[in-house]
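A quick write-up on the structure given underneath.
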Number of protein chains: 2
Amino acid sequence: MKAPETVTAIPATPDTAPKRPRGRPRKTVDERDDGNRRHELLRAAAKLFRRKGFAATTTRDIAAAAGMQSGSPFYHFKSKDVLLFAVMEEGMQTAIARQQQTLMALKNPTPVEQLRGLVRAHFEVLHGPGSDFIPVMLYEHRSLLARQRTVLAKLQVQYESAWNPVLEALHASGHLRAPVKLARLLILGALSWSVQWFDPKKGASLDGLADAAVALFLKE
Amino acid sequence: MKAPETVTAIPATPDTAPKRPRGRPRKTVDERDDGNRRHELLRAAAKLFRRKGFAATTTRDIAAAAGMQSGSPFYHFKSKDVLLFAVMEEGMQTAIARQQQTLMALKNPTPVEQLRGLVRAHFEVLHGPGSDFIPVMLYEHRSLLARQRTVLAKLQVQYESAWNPVLEALHASGHLRAPVKLARLLILGALSWSVQWFDPKKGASLDGLADAAVALFLKE
DNA sequence: CCTACCGATCGGTAGG
DNA sequence: CCTACCGATCGGTAGG
């Protein structure tokens, strides 16, 4: 209500000046990269949703963080829910991509090496650069509408299914003793929970973490 | 504003009837068990906070779930934050108590048996009867004020510290390969995450879960 | 994308 | 504990 938000759009140029589109200046006409502004919103939303939660974050917070006025996010996203969904979907997409890259980069891997790769990739997705999206996905599931949840569930199954053959192999070779399905749930939980306690700024390395996790789960 | 909430308090009994305290009837005068109503609020709040999250739950929701009018929760709790804190504190208190009972009930336990007890007690706290309090504690941490967080942190340290000697012993005996501190974080994460996927109504037993977890973490 | 709003909801309170 | 409210905030929209 009294929030100036940013001191941008006071009409400093009256009728005398040649008419110019309001809002922040654009360098050329064909640079109007809508995708860019849209993505700024996504990143701001991801960051705020992660820190304060979906319900406690206002669309005004998000607009301000992206340097916009309070009504502007709705030019890019129909509603706050749609914004949340977009954050999660992008998170899952990049998570899946990174997971696949990691697995492909291994040459003739043993199942143990594959597990270590999956673990390492998961930590990367959770704590690496641009890592606000997936924690939102993990912790704001209940804020989604049923239909959105269905779509994301498919991506999640896709992500998790990469673990299955690896865990099966480890179970068969005696490296893993727990039932595969429960093992996957428990392992992914152990890793995902690190969002609550791992602080990337404190210097501990993701590699060290991954080693500890593999040592915890595997026999010998 | 236009919310009738519950069709309770329309003055169906005019001036003719003998005056009677409004609201739900009390059986006798000295039964006015304030602690009971207060606790009904706590339970209703825990349930709603767990299902919808703190920010998305209104004090009106809570009041209605406890059979009260919208302003009444503030007779028992100064603010919504205080209610949240009370839920978490009670959750930690009973979790610590249950954990201690479990450990005491073991006669001459091996470290492996102790771990299994701790795991089982943790699942009980998360999924047993009256299990809404601790999930709220786990998932609504960020909604707390700094001062409240400090108080709860002490209880959390107390709860977690019970794990340390057990894990140390298991590490020394070669049953546990990961560094103890990281192992504790990962294990507690694996267990706590089950809030996201375990459905008590689906029949799977907490004992089976505990067995799988121990099998996952321990060598042989 | 900004301006200027609206309608609804929400935490909380005074007074009994 | 209920009644009757208030002040603030919030998601969203019309119109440019």
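Computed from a predicted model, the values in this text were never measured in an experiment. Values below: all heavy atoms of this structure, side chains included; hydrogens, waters and symmetry mates excluded. Residue numbering restarts at 1 for every chain, and letters A, B, ... go by the order of the sequence lines.
- For the pair B/Ile62 CD1 and C/dG12 C1', the interatomic distance rounds to 13 Å; values are reported in whole Å.
- Rounded to the nearest 0.5 angstrom, A/Ser194 OG and A/His122 NE2 are separated by 7.0 Å.
- Atom NZ in B/Lys80 sits roughly 15 Å away from atom C1' in D/dA8 (whole-Å rounding).
- Closest contact between the side chain of B/His76 and the listed nucleotides C/dC1, D/dG12, D/dC1 involves D/dC1.
- Listed nucleotides: C/dG12, C/dC1, D/dG12. Nearest to the side chain of A/Ser79: D/dG12.
- Atom P of nucleotide D/dC1 and atom NE2 of B/His39 are separated by 14 Å, given to the nearest angstrom.
- Taking every side-chain heavy atom of A/Ser70 into account, D/dG12 is the closest of D/dC1, D/dG12, C/dC1.
- For the pair B/Leu48 CG and C/dC10 P, the computed distance is 12 Å after rounding to whole Å.
- Closest to the A/Gln69 side chain, of the nucleotides C/dC2, C/dC1, D/dC2, is C/dC2.
- A 3.5 Å limit on both hydrogen-bonding distances identifies C/dG11 as the Watson-Crick or G-U partner of D/dC6.
- Of the listed nucleotides (D/dC1, C/dC10, C/dC1), C/dC10 has the atom at the smallest distance from the side chain of B/Arg60.
- For B/Phe74, whose side chain is taken as the heavy atoms from C-beta onward, the closest listed nucleotide among C/dG12, D/dC1, D/dG11 is C/dG12.
- The NZ atom of B/Lys52 sits 12 Å away from the P atom of C/dT9 (whole-angstrom rounding).
- A salt bridge links B/Arg37 with B/Glu40: at least one charged nitrogen is closer than 4.0 Å to a carboxylate oxygen.
- In this entry D/dG16 has C/dC1 as its Watson-Crick or G-U wobble partner, both defining distances falling under 3.5 Å.
- What separates CG of B/Leu84 from P of C/dG12 is a distance of 12 Å, to the nearest Å.
- No side-chain donor from either of A/Asn164 and A/Ser161 sits under 3.5 Å from a side-chain acceptor of the other.
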Working for side-chain contact (heavy atoms from CB on, under 4.5 Å), residues A/Arg51 and B/Arg142: CA-CA 8 Å; A/Arg51 180 153 36 110; B/Arg142 61 185 166 195; over 6 Å; no
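- A/Glu90 and A/His39 share a side-chain donor-acceptor pair at under 3.5 Å.
- Nearer the 5' end of DNA chain D, as judged by each residue's closest nucleotide, is the contact made by A/Ala56, out of A/Ala56 and A/Gly71.
- With DNA chain D read from its 5' end, the first of the two nearest nucleotides for A/Thr59 and B/Leu41 is the one closest to B/Leu41.
- Side-chain proximity of B/Tyr75 to the nucleotides D/dC1, C/dC1, C/dG11 is greatest for D/dC1.
- One atom, CE of B/Met68, and another, C1' of C/dG12, lie 16 Å apart when rounded to the nearest Å.
- When heavy atoms are screened at a 4.0 angstrom cut-off, B/Thr58 is found touching the sugar-phosphate backbone but no base atom.
- In this structure, the CG atom of B/Asp61 is 7 Å from the P atom of C/dC10, given to the nearest Å.
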